[in-house]
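Right, one structure below, let's go through it.
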Amino acid sequence: MGKVVCPACGAQDLDVCRYDTMMVLRSDLALFTLTCPTCGTKVSSLQRIPLQLREEVRFAAIEVGAGMMGR
């Protein structure tokens, strides 16, 4: 997974697991929006979905009938 860096202050400790929003594009890829813990800037980044979030994504897909259950 790539590192997410805040474009406003350069903070490198942005963790996609602490996302504000996640738009799932594939079973392993999402657009995350995060709030920088240093300066409060909203940052969006296209990232692989971390393993620790995959079960949450799978469950949400089942709940809304998103068709991602086969992967």
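When reading the values below, keep in mind they use all heavy atoms of this one structure, side chains included, and skip hydrogens, waters and symmetry mates.
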| remark: Between Arg48 and Arg54, the two heavy atoms sitting closest are NH2-NH2, 3.5 Å
| said: How long is the straight-line distance from CG of Asp28 back to CD of Gln47, given to the nearest 0.5 Å? | reply: 12.0 Å
| Could you go step by step and tell me if Val16 and Ser45 meet the side-chain contact (heavy atoms from CB on, under 4.5 Å) rule? | CA-CA 9 Å; Val16 296; Ser45 181; 5.7 Å; no
| task | Could you walk me through whether Leu31 and Val24 pass the side-chain contact (heavy atoms from CB on, under 4.5 Å) test, one step at a time? | result | CA-CA 6 Å; Leu31 177 64; Val24 177; over 6 Å; no
| task | Please round to the nearest 0.5 Å and tell me the distance separating atom CD of Glu56 and atom CD1 of Ile49. | result | 9.5 Å
| message | Could you work out, with side chain to side chain donor-acceptor pair (under 3.5 Å) as the rule, every residue matching Thr21, not counting sequence neighbours? | response | Thr33
| task | Show the numbers, then the answer: is there a side-chain contact (heavy atoms from CB on, under 4.5 Å) between Leu34 and Arg18? | result | CA-CA 7 Å; Leu34 325 156; Arg18 295 184 175 189; 5.7 Å; no
| field | Distance, nearest 0.5 Å, that separates OH of Tyr19 from CG of Leu14 | value | 15.5 Å
| query | Considering all heavy atoms of both residues, which atom of Cys6 and which atom of Thr41 are nearest to each other, and what is their separation? | reply | SG-CB, 4.0 Å
| message | For a side-chain contact (heavy atoms from CB on, under 4.5 Å) check, start with the C-alpha distance between Asp13 and Thr38, then their side-chain angles and the critical distance, and finish with the verdict. | response | CA-CA 9 Å; Asp13 58 346; Thr38 304; 4.2 Å; yes
| request: Measure the CE-CG distance between Met22 and Leu29 for me, rounded to the nearest 0.5 Å. | output: 11.5 Å
| Leu53, Val4: one ILVMFWY side-chain cluster at the under-4.5 Å cut-off? | yes
| note | When rounded to the nearest 0.5 Å, the distance separating CE of Met23 from CG of Leu46 is 10.0 Å
